[in-house]
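Notes to accompany the following structure.
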Protein chains: 2
Amino acid sequence: MHETSRHTILAIDDHPLFRKGVADLIDMDDTLEMVGEAANGQDGLELAKSLQPDLILLDINMKGMSGIDTLKAMKQEDIDSLILMLTVSDNEEDVLTALRIGADGYLLKDMEPEDILGSIRKAMEGTVVISDHLTQLLAKALRDEDKLVEDKSPTPLTSREQEILEHISNGMSNKLIAKTLSISEGTVKVHVKHLLKKLNLHSRTEAAVWALRRL
Amino acid sequence: MHETSRHTILAIDDHPLFRKGVADLIDMDDTLEMVGEAANGQDGLELAKSLQPDLILLDINMKGMSGIDTLKAMKQEDIDSLILMLTVSDNEEDVLTALRIGADGYLLKDMEPEDILGSIRKAMEGTVVISDHLTQLLAKALRDEDKLVEDKSPTPLTSREQEILEHISNGMSNKLIAKTLSISEGTVKVHVKHLLKKLNLHSRTEAAVWALRRL
DNA sequence: TGTATTATACCCTATAATGGGTAGGTGTTA
DNA sequence: TAACACCTACCCATTATAGGGTATAATACA
């Protein structure tokens, strides 16, 4: 172990209290050092670039720029810090997406502090760390290959389709959406039809659930 | 101020790290003392009964027994501690519900630690504390009386209706629900019809959204 | 026991939504 | 220019939902 320099860590989370908890946790380990905090993805990205920390703790559920988006941006900017995603939810899609983009681990916030510390140390050693009960999820996802194949080539929704999906996830009817967007109801139906096909869903209710589940 | 005894606080939240943050925060104030922690509603309820703290910090979004349910249970058990709800979301329904049941305040987790401490102190003095931008929400809700009148006399859903609502919020069709519950599709439709009327909604998609929003 | 609630199942009709098709206009890109 | 993707809008048919009704059996409760 290098006594001269501790491993540097940057925490990105929009809950001050949670950041404080993490900071205290990291203080407890002599080999780790918290070098920065950010309350949102934008600031986090900037800090990541300027501080070049060894490891970044990145919350998934943030207002504005999501953790996933932030992760994408970091990868595009060739930030070579280790990145551990922190989240409250074990949403399978998020886990797969994050790991696919290149996250180095995926931790649930309800882990015990000791386990979180342990995971950080493991990650420093190059291990991809994943919360225990998420590994089961992953194993399951790997078993039915469909999920991976599907997600590998996800026909992306057009912006109009996304817009309409959002309205659906708000409980709106085609007629209302049509009025809101000032287009014909028939056109809305076409978009709904396409978006259902692309997402491999079979009803607007499924679509609403799908959309709401991934925030 | 009584120098002899500090105000006692119990924190109920399923995120250990968050509890730690709160604990540290409370340690900073000489007039406050953290006397207990619980990771779920059940344990929280028991601790509340045995410790009889002056104030309880209660997270809304918990696995299993929700914060709202825990709050209800505490009120039924005649626990006379002050109860501050802590949550990440500013869901209007939750706020109204919590305050109606008798919460003494409603704080958002993304508040600054100082503000949270301040709110706790205010609550101790008997003030109902509510996060700033929630007050706007409340004002709005008060303006259109419908919301209050509606929620004041909520025709409760029967267990069967709740069961079916849950399936709807899972994206299931009437036909599938019928098969799952081994009843006729027509019966499912009746239940859906009734539940929509009771909740004052107009489509299953709205129902799904409604159900998902309140977890 | 009588009454209220609940779950069940069917009737009806009207409207909403799904899932195919074709097709014109626009903007981008090879 | 030609190919392509997208938004728009309509055609068609089928199915699903919504909302109203009546009615029966079981259960819960006073």
Side-chain angles (χ1 to χ4, degrees), chain A residues 72 76 146 149-214, chain B residues 69 72 76 146-147 149-214:
Chain A
K72 272 185 203 160
Q76 279 178 349
D146 287 8
V149 177
E150 264 175 43
D151 287 11
K152 246 181 209 160
S153 61
T155 315
L157 296 189
T158 68
S159 60
R160 200 50 155 177
E161 286 162 353
Q162 286 178 39
E163 198 176 1
I164 284 175
L165 175 56
E166 207 171 310
H167 284 130
I168 288 178
S169 79
N170 228 359
M172 288 167 74
S173 67
N174 288 337
K175 193 173 288 183
L176 225 187
I177 296 173
K179 274 183 195 163
T180 305
L181 299 181
S182 298
I183 57 179
S184 90
E185 189 182 341
T187 302
V188 176
K189 287 183 183 176
V190 174
H191 290 308
V192 173
K193 186 185 351 183
H194 290 161
L195 122 212
L196 287 178
K197 194 174 195 78
K198 283 181 180 176
L199 299 177
N200 201 15
L201 303 174
H202 306 85
S203 76
R204 72 196 295 98
T205 306
E206 276 185 31
V209 174
W210 188 92
L212 286 174
R213 288 229 192 277
R214 66 195 59 216
Chain B
D69 289 338
K72 271 184 206 162
Q76 280 178 348
D146 287 7
K147 284 233 166 52
V149 177
E150 267 173 41
D151 288 12
K152 245 181 213 164
S153 60
T155 316
L157 297 188
T158 68
S159 61
R160 198 53 153 177
E161 286 161 355
Q162 286 179 39
E163 197 176 2
I164 285 176
L165 175 57
E166 207 171 310
H167 286 311
I168 289 178
S169 79
N170 228 0
M172 288 167 75
S173 68
N174 288 337
K175 193 172 290 185
L176 226 186
I177 296 173
K179 275 183 196 163
T180 304
L181 300 181
S182 299
I183 58 178
S184 89
E185 189 182 342
T187 302
V188 175
K189 287 180 185 176
V190 174
H191 290 307
V192 173
K193 189 199 322 189
H194 290 162
L195 121 212
L196 288 177
K197 192 171 197 80
K198 284 180 179 175
L199 299 177
N200 201 16
L201 303 173
H202 305 86
S203 75
R204 73 195 295 97
T205 307
E206 275 184 31
V209 174
W210 187 93
L212 286 174
R213 288 229 191 278
R214 68 194 54 218

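In the text below, chain A, chain B and the rest are named by the order of the sequence lines, each starting its count at 1. Values below: every heavy atom of this structure, side chains too, minus hydrogens, waters and symmetry copies.
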Between dT18(C) (P) and Asn174(B) (CG): distance, integer Å: 13 Å
Any donor-acceptor N/O pair, Thr187(A) side chain to Ile183(A) backbone, under 3.5 Å: no
Chi angles and distances behind the side chain to side chain contact (heavy atoms under 4.5 Å, CB included) call for Val192(B), Leu165(B): CA-CA 7 Å; Val192(B) 173; Leu165(B) 175 57; over 6 Å; no
Phosphate-side-chain proximity, Arg204(A) and dT18(C), N/O vs OP1/OP2 below 4.0 Å: yes
Rounded distance in Å - CD (Glu185(B)) to P (dA7(C)): 19 Å
Crowding at CD, Glu185(B) (>12 non-hydrogen neighbours, <6.0 Å): yes
Opening and closing nucleotides of DNA chain D in contact with chain B, under 4.0 Å to non-hydrogen atoms: dA16(D) to dG21(D)
Pairwise side-chain contact, His167(B) with Thr180(B), heavy-atom cut-off 4.5 Å (strictly under): yes
Flag side-chain contact, heavy atom, 4.5 Å: Met172(B) against Ile168(B): no
Residue whose closest nucleotide on DNA chain C lies nearer the 5' end, His194(B) versus Met172(A): His194(B)
Full working for side chain to side chain contact (heavy atoms under 4.5 Å, CB included) between Lys175(B) and Val188(B): CA-CA 8 Å; Lys175(B) 193 172 290 185; Val188(B) 175; over 6 Å; no
Distance-only donor-acceptor test (3.5 Å): side chain Lys197(A), base dG19(C): no
Straight-line distance of Glu163(B) CD to His191(B) NE2, nearest 0.5 Å: 9.0 Å
Whichever of Lys193(A) and Ile164(B) has its nearest DNA chain C nucleotide further upstream toward 5': Ile164(B)
Touch class at under 4.0 angstrom, heavy-atom based, for Val190(A) against every strand present: base
Gln162(B), CD atom: more than 12 neighbouring heavy atoms under 6.0 Å: yes
Student check: side-chain heavy atoms of Lys198(B) and Thr158(B) closer than 4.5 Å: yes
Protein-nucleotide distance (Glu163(B), atom CD; dA7(C), atom C1'), rounded to Å: 11 Å
Side chain Glu161(A), main chain Leu157(A), donor-acceptor under 3.5 Å: no
Protein proximity profile, nucleotides 24-30 of chain C - base contact B, sugar-phosphate-only contact S, no contact -, cut-off 4.0 Å on heavy atoms: -------
Phosphate contact (dC10(C) OP1 or OP2) by Ser184(B) side-chain N/O below 4.0 Å: yes
Length of the line joining Glu206(B):CD and dA16(C):P, which is rounded to integer Å: 13 Å
Closest non-hydrogen atom pair, Ser169(A) against Val209(B): O-CG2, 3.5 Å
Heavy-atom side-chain proximity of Leu181(A) to Arg160(A) below 4.5 angstrom: yes
Touch class at under 4.0 angstrom, heavy-atom based, for Lys189(B) against every strand present: base
Sugar-phosphate only, base, or nothing, as touched by Thr187(A) at under 4.0 Å among non-hydrogen atoms: base
Euclidean distance, atom CG of residue Leu195(A) to atom P of dA17(C) [Å, nearest integer]: 13 Å
Angle by which the axis turns from one end of the helix from dT1(C)-dA30(D) to dA30(C)-dT1(D) to the other, five pairs per end, to 10 degrees: 50°
Whole angstrom value for the distance that separates P of dA17(C) from NZ of Lys175(B): 18 Å
